[in-house]
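One structure is given here, and the rest of the page talks about it.
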Amino acid sequence: MAAYSTPAAKRPIRRRSRRRQHTAAANVFRGLFTAIGVTLVCVLIFALLMQWLKPSDGVIRVINQLIKLASIFTGVYVAVGRGGEKGMLYGALVGLIYMLLGVVLYALLSGQKLPFTAYLSDIAMGIAGGGIAGAVIGGMKK
């Protein structure tokens, strides 16, 4: 007689992965919060460095754009993961939401009113940067 007495006992035991499976929305928001955190840390470090370096306005603008792109890339990496599916879509969503929040907060906190095209260009940069990062990260082998 076999060691298995019931048909259910013949099936192998499926063990759950330690990493929980997240929904698409949860992945996008995890990436978004990561991007926001990276931005805060980078801006804090840059603000401290500005005391010593005293950069020009042009340099500040470039560093600001690099911080945004690095934050989006890091957020997309968290949202998509290496070899993840729908990387371009999730990356574009992270970039879109991140830049929308940034544009709205800038408009509310600064009190300055920039031309509408300036806001659109920032949002487009976020979508494009996030989509490209998602495609690259999603295409990486695990």
Side-chain angles (χ1 to χ4, degrees), residues 3-142:
Y4 302 110
S5 59
T6 62
K10 292 182 181 181
R11 283 185 265 148
I13 298 172
R14 293 188 73 186
R15 296 185 183 190
R16 290 185 183 187
S17 172
R18 288 185 182 217
R19 184 176 179 187
R20 289 179 32 200
Q21 297 297 325
H22 297 283
T23 64
N27 285 337
V28 169
F29 282 112
R30 277 183 36 228
L32 176 65
F33 292 134
T34 301
I36 291 169
V38 169
T39 300
L40 292 174
V41 169
C42 289
V43 166
L44 179 66
I45 291 170
F46 185 57
L48 292 172
L49 289 175
M50 282 180 58
Q51 298 294 325
W52 295 297
L53 300 177
K54 308 226 186 295
S56 67
D57 287 343
V59 171
I60 293 173
R61 284 190 200 108
V62 169
I63 297 296
N64 184 26
Q65 296 299 331
L66 290 175
I67 289 173
K68 289 178 192 176
L69 286 174
S71 298
I72 289 172
F73 188 86
T74 307
V76 170
Y77 186 81
V78 169
V80 175
R82 291 176 69 126
E85 294 182 10
K86 298 182 183 178
M88 188 179 289
L89 175 65
Y90 293 161
L93 281 173
V94 169
L96 171 68
I97 297 169
Y98 172 84
M99 291 307 279
L100 277 175
L101 286 173
V103 163
V104 168
L105 285 174
Y106 178 78
L108 291 175
L109 295 175
S110 72
Q112 296 178 354
K113 185 160 178 127
L114 294 177
F116 188 66
T117 54
Y119 294 134
L120 282 180
S121 67
D122 268 358
I123 293 170
M125 182 191 76
I127 294 170
I132 291 169
V136 169
I137 293 168
M140 292 177 155
K141 292 184 181 182
K142 287 187 178 182

Measuring from Phe33:CZ to Ile97:CD1, what's the distance to the nearest 0.5 Å? 9.5 Å
Does one side chain, of Asn64 or Arg61, offer a donor that lies under 3.5 Å from an acceptor on the other? no
Tell me which donor-acceptor pairs under 3.5 Å the side chains of residues 66-76 have, and how far apart each pair is, sequence neighbours excluded?
unit_1 : atom_1 : unit_2 : atom_2 : d
Lys68  : NZ     : Asp122 : OD2    : 3.3
Ser71  : OG     : Thr39  : N      : 3.3
Ser71  : OG     : Thr39  : OG1    : 2.8
Ser71  : OG     : Ile67  : O      : 2.8
Thr74  : OG1    : Ala70  : O      : 2.8

To check you understand the geometry: which heavy-atom pair defines the closest contact between Met99 and Gly126, and what is its length? CG-CA, 3.4 Å
Nearest 0.5 angstrom please: Ile60 CD1 to Asp57 CG, how far? 5.5 Å
For Tyr90 and Val80, the nearest pair of non-hydrogen atoms, with its separation, is CB-CG2, 3.9 Å
Heavy-atom closest contact (Met88 atom, Ala135 atom, distance): CE-CB, 3.7 Å
Identify the two heavy atoms, one from Asn27 and one from Arg30, that lie closest to each other, and give their separation to 0.1 Å. OD1-NH1, 3.1 Å
dist Ile132:CD1 -> Ile137:CD1 (nearest 0.5 Å) comes out at 11.5 Å
Going by side chain to side chain contact (heavy atoms under 4.5 Å, CB included), Leu96 matches just one of Val28, Ile123, Leu32, Leu101. Which one? Ile123
Does Phe29, at its CZ atom, have more than 12 non-hydrogen atoms belonging to other residues, nucleotides or ligands within less than 6.0 Å? no
Quick note, salt bridge (charged side-chain N to carboxylate O under 4.0 Å, His left out) partners involving residues 74-93, not counting sequence neighbours, are none
